[in-house]
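Before any comments, here is the structure.
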Amino acid sequence: MISLENSLLTVSISTKGAELQSIKNPTEGIEYLWQGDPTFWGRKAPVLFPIVGRLQNDQYRYKGKTYPLNQHGFARDSEFHVEEQTATMVRLTTYSTPNTKKHYPFYFQLTLIYTLEANTVNVSYLVKNTHASEELYFSIGGHPGFNVPMTSDTTFEDYYLSFLPRRTRGQIPLDGSYLDLENKTLGQTNTEIALKRTLFDNDALIYETKGKNTFSIHSEKTTHSVSLTFEDFPFTGIWSPPKKEAPFVCIEPWFGIADTTDFTGELNEKLGIQHLKGKEAFSANYTISLS
């Protein structure tokens, strides 16, 4: 387990999946990150790569061949090695292998960088196409879960979602595990949304997020809050398991998204797919701010 620390936060990260395991306020002993419970959801903050969401029949086609690939891809279960570490930063990397090529026929290098600065955790992605000439198609995204309630004297319903900038955003509903684009609406993210269990009856809330955005979880009954700030991530999901009393909410910035209900299965035609030419690289980051 990797530990990072400054005067305001202590953070731990696993080399398996380069996944955040804990984000604590050491002074008050508050754990912000969901700690995983298979009753609700056994993971904590998986890295989604090389896809985000679910594929039709858990498979796709590329250059005439069909490949099996489970929801959210395989990075969350891959072993990463530490390339560099200081008291407040760690850089972890994994690569394509003969095993990954059974599911994903591309040459890649995936790097996660976690950096603490004051009360924020900066999460950076770097994807490199390590082949000289072959193209690379991929998606990537975050899936951190946060404890709600954050304090013992508050309840799930004491919290609300807030959004900056305060404006409506395209909202894409799900039909089962897949996107129902025909019924896309305007989500009322120009105001706060009270957290209640029925909010997630149809699974995740999925928004189109252009430009710079901050999505937050607040309460009038505590000063403790969580905010994610990100720029040019085209989609963001907000999720808590439907029809369960799950004590957490995920805020998930994505470069990619689940298949649409009518998707044909060709990877290069997939909604939200990213593309790199030979030896090109992609980078993005988001910050988690705690109070």
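Computed from heavy atoms alone, side chains included, the values below leave out hydrogens, waters and symmetry copies.
For the atom pair Met150 CE and Tyr159 OH, the distance stands at 5.5 Å (nearest 0.5 Å). Rounded to the nearest 0.5 Å, atoms CG (Leu186) and CZ (Arg167) are 10.5 Å apart. Distance check, rounded to the nearest 0.5 Å: NE2 of His143 to CD1 of Ile251 gives 12.0 Å. Phe74 contributes atom CZ, which lies 6.5 Å from atom CG of Leu69 (distance to the nearest 0.5 angstrom). Between the OG1 atom of Thr260 and the CG atom of Asp180 there is a distance of 9.5 Å, given to the nearest 0.5 Å. Expressed to the nearest 0.5 Å, how far OG1 of Thr264 lies from CD of Gln56 amounts to 9.5 Å.
Closest of all the heavy-atom pairs between Ser78 and Thr94 is CB-OG1, 4.2 Å. Closest approach of Gly272 to Phe235, counting heavy atoms only: CA-CE1, 4.1 Å. Closest approach of Phe49 and Ser139 over heavy atoms only: CD1-O, 3.4 Å. Nearest heavy atom pair, residue Leu55 against residue Tyr178, reads O-OH, 3.3 Å. The two atoms that bring Leu8 and Asn119 nearest to each other are CD1-N, 3.7 Å, heavy atoms only. Between Asn99 and His103, the closest heavy-atom pair is O-CD2, 3.6 Å.
Although no hydrogens or angles enter the test, the distance criterion places a donor-acceptor pair under 3.5 Å between the side chain of Ser240 and the main chain of Phe248. Thr97 places a side-chain N or O within 3.5 Å of a backbone atom of Thr100 that can act as its donor or acceptor partner. The backbone N or O of Pro50 sits nowhere less than 3.5 Å from a side-chain atom of Tyr137 that would complete a donor-acceptor pair.
Leu112 places a side-chain heavy atom less than 4.5 Å from the side chain of Val123. Between Met1 and Ser14 there is a side-chain heavy-atom pair separated by less than 4.5 Å. Inter-residue side-chain proximity for Leu267 and Ile273 is flagged as met; some heavy-atom pair is nearer than 4.5 Å. Side-chain contact between His131 and Leu136 is absent, with no heavy atoms from C-beta onward closer than 4.5 Å. Side-chain contact check for Val148 versus Ile217: some heavy-atom pair is nearer than 4.5 Å. Residues Leu110 and Leu126 have side chains not in contact (no heavy-atom distance under 4.5 Å, counting atoms from C-beta outward). A 4.5 Å side-chain heavy-atom check between Ile206 and Gln171 finds every atom pair outside the cut-off. Side-chain atoms of Val226 and Ile288, non-hydrogen and from C-beta on, do get closer than 4.5 Å to each other.
In this model, a donor atom of one side chain and an acceptor atom of the other lie less than 3.5 Å apart for Ser227 and Ser216. Asp158 and Thr155 share a side-chain donor-acceptor pair at under 3.5 Å. For the 3.5 Å distance criterion, the side chains of Thr93 and Glu83 qualify, holding a donor opposite an acceptor. A donor-acceptor pair shorter than 3.5 Å can be found between the side chains of Thr209 and Thr236. Judged by distance alone, the side chains of Thr214 and Thr229 do bring a donor and an acceptor atom under 3.5 Å apart. Judged purely by distance below 3.5 Å, without hydrogens or angles, the side chains of Thr39 and Asp37 pair a donor atom with an acceptor atom. Looking only at atom types and distance, the side chain of Asn122 has a donor-acceptor partner in the side chain of Asn285 under 3.5 Å away. Looking at Asn213 and Arg169, their side chains do bring a donor and an acceptor atom within 3.5 Å of each other. Side-chain N/O atoms of Thr222 and Ser219 include no donor and acceptor closer than 3.5 Å. Of the N and O atoms on the side chains of Glu28 and His224, at least one donor lies less than 3.5 Å from an acceptor on the other residue. Ser225 and Ser291 share a donor-acceptor pair across their side chains, judged by distance under 3.5 Å alone.
Residues Val121 and Val249 share a single hydrophobic cluster, defined by chaining ILVMFWY side chains whose heavy atoms lie under 4.5 Å apart. In the hydrophobic clustering of this structure, Val47 groups with Phe138; members are Ile, Leu, Val, Met, Phe, Trp, Tyr whose side-chain heavy atoms approach within less than 4.5 Å, directly or through other members. Hydrophobic clustering (ILVMFWY, side-chain heavy atoms < 4.5 Å, transitive): Leu161 and Leu33 are in one cluster.
With respect to the salt-bridge test (charged N to carboxylate O, under 4.0 angstrom), the residues Lys184 and Glu208 qualify. A salt bridge links Glu192 to Arg166: one of the charged nitrogens lies within less than 4.0 Å of a carboxylate oxygen. Ion pair Glu135/Lys63 not flagged as a salt bridge, since none of the NZ, NE, NH1 or NH2 atoms sits closer than 4.0 Å to an Asp/Glu carboxylate oxygen. For the pair Lys243 and Asp203, the salt-bridge criterion is not met [side-chain N within less than 4.0 Å of a carboxylate O]. Electrostatic pairing of Asp259 and Lys270 counts as a salt bridge here, judged by a charged N lying under 4.0 Å from a carboxylate O.
In this structure, Lys101 fails the cation-pi test against Tyr67, since its NZ or CZ atom is not both closer than 6.0 Å to the six-membered ring centre and inside 45 degrees of the ring normal. Under the 6.0 Å distance and 45° angle rule, Arg197 counts as a cation-pi partner of Phe156.
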Exercise for the section: Could you please spell out the steps behind the ring pair (Phe, Tyr, Trp, His ring centres under 6.0 Å) verdict for Tyr32 and Phe146? Expected result: CA-CA 6 Å; Tyr32 289 95; Phe146 301 102; 8.2 Å; no
Exercise for the section: Step by step, work out the side chain to side chain donor-acceptor pair (under 3.5 Å) result for Thr88 and Glu117. Expected result: CA-CA 8 Å; Thr88 58; Glu117 186 172 348; over 6 Å; no
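Between Phe106 and Tyr104, a ring centre-to-centre spacing shorter than 6.0 Å is recorded. Outside the 6.0 Å centre-distance limit, the rings of Phe255 and Tyr125 are not counted as a close aromatic pair.
For Tyr62, the OH atom counts as densely surrounded, since its 6.0 Å shell holds more than 12 non-hydrogen atoms of other residues, nucleotides or ligands. Around CG of Asn190, the count of heavy atoms belonging to other residues, nucleotides or ligands within 6.0 Å exceeds 12. The 12-atom threshold is exceeded at CD of Glu157, counting heavy atoms of other residues, nucleotides or ligands nearer than 6.0 Å.
Using cut-offs of 30° and 60° for the angle between ring planes, the His81 and Tyr95 rings count as parallel.
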